[in-house]
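Report on the structure given below.
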Protein chains: 2
Amino acid sequence: MTEQVIAGTDLSRLRELNSLTVVRALRDQPPTTVTELASVTGLSRPAVDVIAQGLVSSGWATVVEPGGSSTVGRPARRYRFRATAGHVIGVDVGGHKILVLLADLDGNVVHTARRSVAADADPASRLAALDEILAACLRDAGKTASDIWAVTVGVTGPVDASGKTTLFTPLPGWQTVDLATHLSDRFTCPVIVENDCKLAALAERWRGTARDANDIVFLLAGMRMGAGLIIDGVLRRGFGGAAGEIGALKAVKWLTAPSHLQRCPGVPPTVGPDDAAAWVFNAARDGNRDARTAVNRYVKDVAIGTAALVLALDPQVVVFGGGFSRSADLVLEPLHRELRKLVLRMPEVRASTLGADSVALGALRLALNEVDQRLFSVGLSAPVAPRR
Amino acid sequence: MTEQVIAGTDLSRLRELNSLTVVRALRDQPPTTVTELASVTGLSRPAVDVIAQGLVSSGWATVVEPGGSSTVGRPARRYRFRATAGHVIGVDVGGHKILVLLADLDGNVVHTARRSVAADADPASRLAALDEILAACLRDAGKTASDIWAVTVGVTGPVDASGKTTLFTPLPGWQTVDLATHLSDRFTCPVIVENDCKLAALAERWRGTARDANDIVFLLAGMRMGAGLIIDGVLRRGFGGAAGEIGALKAVKWLTAPSHLQRCPGVPPTVGPDDAAAWVFNAARDGNRDARTAVNRYVKDVAIGTAALVLALDPQVVVFGGGFSRSADLVLEPLHRELRKLVLRMPEVRASTLGADSVALGALRLALNEVDQRLFSVGLSAPVAPRR
DNA sequence: CAAATATTGCTATGGAGTTTACAAAGTACG
DNA sequence: CGTACTTTGTAAACTCCATAGCAATATTTG
């Protein structure tokens, strides 16, 4: 049982609650009339009227004066959530690239900045590249750091509560990097660092293939396998931020799974190690026997770790994402078949639809969650960038 | 992101919310004065006064007139939550026994009934025994079925949303039993059927060794291995009720783990298969070499499945419970050692303190949760047994 | 016995939402 | 083109809830 806050409510808090209710009803909606809001919220029309005007004067909403009216009766004034009152940033710091998304409070991406980074870049130069691209993104979007309400950065490896990746990370030298502190010098708003698999899982539920599901196992499949878990609609971090790291168990074959692709016979020597997998998938699609065998072995190994997660959590959906999701057409069917042999209750298996942007999108979503949480706990004053 | 209910609040709902706040403050507390309640809830003293009197007149609270006062000033009237306004029942239907606990709304057990059942009893006779013991428990406690606000029954095997164990259960013939419907004929209140491991996990967090933790992996260790998961303080059922069934994965050695104990060389033929494990644990404690080896092999196998759960969920605590938890002194140290080799972040490992009652206790807790949920969503009218 | 302290009961005040009523601004139709 | 109808916007009256402040009461302490 969750510990409930024991706190009484007075009338000003009542107004605040109802204002938040109206804001919720307004968000992610086309401009809405007072009557519609009244029926959605269950409040009376005059009450909503007062609240809506209050939201306009405090800056949370804007008025849309009636244009060409289409129905009978007096045309209604409409109210719209002012999503541009604040902005958030989501970043994906990957091995090869850094991707920055800047979005408004409705999650509409207003600017994108991408830049490639050498896979073996040392932490200092990677951080420098991050600083540069962040500055460029802000500049090009016509914003300053103080316009940003929350920043989330996705990195590989489990992230602890302080935002560090001390347990393990494939980025060279990254164990000692304190990314959260580094960015806190550049932003006054909350800065969150989170594991890339977890963020991609969030994205898949927000705008991807699992929008309908509350219990999701997300697989980030690439040269490294990872997983992100959403349980009861909430991203699961684990007590130390290491949830979903089933790949560390040797009995589960995730560590070695991608090597079936890399070591597949027949890969031309001209193809680098990073592109071997793509070559094998293409060859398998063309009917190459060795390639098909390699893919099947790969899927068999992936299925074992996936089965462990499915048995542990009994999700509604398993989403196959990450770099290899471009080859989901080859993977999904055998993955489904292998999984069926191993689990008690078979979940749906779907392919990711978001591709390479999923981590940065998930970072956006987490930043928006942070903003929402403040909004709905602290209350509605004037819309300004929150400080830590 | 959880979907929030969009509903406005008017003044009567405000009063209801504040009444619930006072009830929450009153529960699990010694009798409390109005002034104390006012400071805890943040409401004004007159407001609390009115609310408290309302609770008394509706039957949710009782007045304790001031007795010998210990402080200066006028002695204050005190209010107490009327836990006896309703009662709940928690049942453990095990292979060998049925245990029934009857408790008030504070979870105080007011009556216990236990009865052994043959392990190979057919479903009909097991259900008959259940009916009998339930009737006897109600009679001896001086209650009728209509006094009961919620009933929860724990059974082995994964339980789906409708309360059936269709996927798998070790109880003979139990696949086709519809326990929820069976009991619904005997009670008008909500009836919940749930997996025994999950219930034991709840109990351990409520009154056991994991009261401080919000992220728990509970192991029900006996001749069958099972697990119950509490994540973010909430019991995790999984989409189809099959969460925690990691034992079904062969790569994880839970199915065969107990056989190391049963097949240990040196077990006297006079010892039956059900008591072999106890004999081996005792022998190991006395220094028997074969027995120690058997225990170590057992623990090694248990550790693999546990590691899978720990890696998947990254819990704060692993609780070793179930029948074998009596031998936790032999298991805990090697389990800790083996686990440390396999996981990324080491959780605490603790032994269960509840013993054989844990499943029935957890059933009580779930029944109380059901009552609470109704209370805090439907609102406070007069305290009467809820109907489905 | 009086002073100090704390609780209880009562009244006035103000804030928030609802209901009711009515004017204003459109459309539909003869 | 004018009337009937529909819906919106706004104001006033009313109800309900919590608060603040004050008087009355009960008990301890010196």
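Just so we're on the same page: letters track the sequence lines, and every chain starts at 1.
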Note to self: Just so I know, are the side chains of A:Val23 and A:Leu55 near enough to count as touching, which here means a heavy-atom distance under 4.5 Å?
What the structure shows: yes
Per atom distances to the A:Asp49 side chain, the nearest of D:dT10, C:dT8, D:dA18 is D:dT10
Distance criterion of 3.5 Å, no angle test: do you see the side chain of A:Arg15 paired donor-to-acceptor with the base of C:dG17?
no
request  = Check whether any side-chain N or O of B:Asn18 sits under 4.0 Å from OP1 or OP2 of D:dC17, and answer yes or no.
outcome  = no
On DNA chain D, more 5' by nearest nucleotide between B:Val50 and A:Ala76 is A:Ala76
Among the nucleotides C:dT18, D:dT6, D:dT19, whichever has the atom closest to the side chain of B:Leu43 is D:dT19
From the candidates D:dT19, D:dT27, D:dT6, the one with an atom nearest any side-chain atom of A:Asp10 is D:dT19
Here the distance between atom P of C:dA25 and atom CZ of A:Arg74, to the nearest Å, is 6 Å
Of all heavy-atom pairs linking B:Ile148 and B:Cys189, the shortest is O-CB, 3.2 Å
Taking any heavy-atom pair under 4.0 Å as a contact, classify B:Thr33: base, sugar-phosphate, or nothing.
nothing
Rounded to whole Å, the CG-C1' distance (A:Leu37 to D:dT7) equals 16 Å
Rounded to whole Å, the CD-C1' distance (B:Glu36 to C:dT8) equals 15 Å
Among the nucleotides D:dA20, D:dG9, C:dT8, whichever has the atom closest to the side chain of B:Pro46 is D:dA20
Taken to the nearest whole Å, CZ/B:Arg45 to C1'/C:dT8 is 7 Å
Would you kindly check if the NZ (Lys) or CZ (Arg) of A:Arg24 is within the cone defined by 45 degrees around the ring axis of A:Phe376 and under 6.0 Å from the six-membered ring centre?
-> yes
Side-chain contact check for A:Thr35: nearest option of D:dT8, C:dT8, C:dG26 is D:dT8
In whole angstroms, the gap separating C1' of D:dT19 from CZ of A:Arg13 amounts to 18 Å
Side-chain contact check for A:Ser44: nearest option of C:dT18, C:dT27, D:dA18 is C:dT18
Do B:Thr33 and B:Thr35 have side-chain atoms, one donor and one acceptor, less than 3.5 Å apart?
no
* Asked: What is the nucleic acid contact for A:Gln53, judged by heavy atoms within less than 4.0 Å: base, sugar-phosphate only, or nothing?
  -> sugar-phosphate
Rounded to whole Å, CD1 of A:Ile51 lies from C1' of C:dG15 at a distance of 13 Å
Taking D:dT27, C:dT8, D:dG9 as options, the one with an atom nearest any side-chain atom of B:Val34 is C:dT8
- Message: Counting the atoms with a prime plus P, OP1 and OP2 as sugar-phosphate, which does B:Arg77 contact under 4.0 Å by heavy atoms, base, sugar-phosphate, or nothing?
- Response: sugar-phosphate
When rounded to whole Å, the CG to P distance for the pair A:Leu11 and D:dA20 reads 12 Å
* For the pair A:Arg78 and A:Glu65, find out whether any cationic side-chain nitrogen is under 4.0 Å from an anionic carboxylate oxygen. => no
